[in-house]
Student: 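The structure's right below; bear with me while I get my questions together.
Everything numeric in this text was worked out from a predicted model, so none of it was measured.
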Amino acid sequence: MIDFIHAHSTRLYTIAAAALALVAYFVDGLPTGLILALVAAILGTGEAVQRVEDRKTAKALHQEPPAVA
């Protein structure tokens, strides 16, 4: 499961952000404080996702390119 999250962290992040936007739009009566707290959590998660992607990019830069047939 951890490998799946690591491999697809950007996709999972976008799904969570889209779900938050849809819930905030379609569910009436949600407290503003709750919405702002969830937005802050999503932004923090975005920072973590960016760091994961940066590590994957750095690792790929140090590998040999695949042979072209």
Student: Hey, quick one: are I2 and V52 part of the same hydrophobic cluster, counting side-chain heavy atoms closer than 4.5 Å, chains of contacts allowed?
Tutor: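 Hydrophobic grouping puts I2 apart from V52.
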
Student: Look up atom OG1 in T57 and atom NZ in K59, then write down how far apart they are to the nearest 0.5 Å.
Tutor: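 The NZ atom of K59 is 12.0 Å from OG1 of T57, to the nearest 0.5 Å.
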
Student: Using atom types as modelled, flag every donor-acceptor pair under 3.5 Å from a side chain in residues 28-50 to any protein atom, sequence neighbours excluded.
Tutor:
residue: T45; atom: OG1; partner: A41; partner atom: O; Å: 2.8
residue: E47; atom: OE2; partner: R51; partner atom: NE; Å: 3.0
residue: E47; atom: OE2; partner: R51; partner atom: NH2; Å: 3.1

Student: Look up atom CD in E53 and atom NE2 in H6, then write down how far apart they are to the nearest 0.5 Å.
Tutor: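 It is 8.0 Å, given to the nearest 0.5 Å.
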
Student: Determine, using the 4.5 Å side-chain heavy-atom cutoff (strictly less than), whether I5 and Y13 are members of one ILVMFWY cluster.
Tutor: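 No, because I5 and Y13 fall into different hydrophobic clusters, even though each may have its own neighbours under 4.5 Å.
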
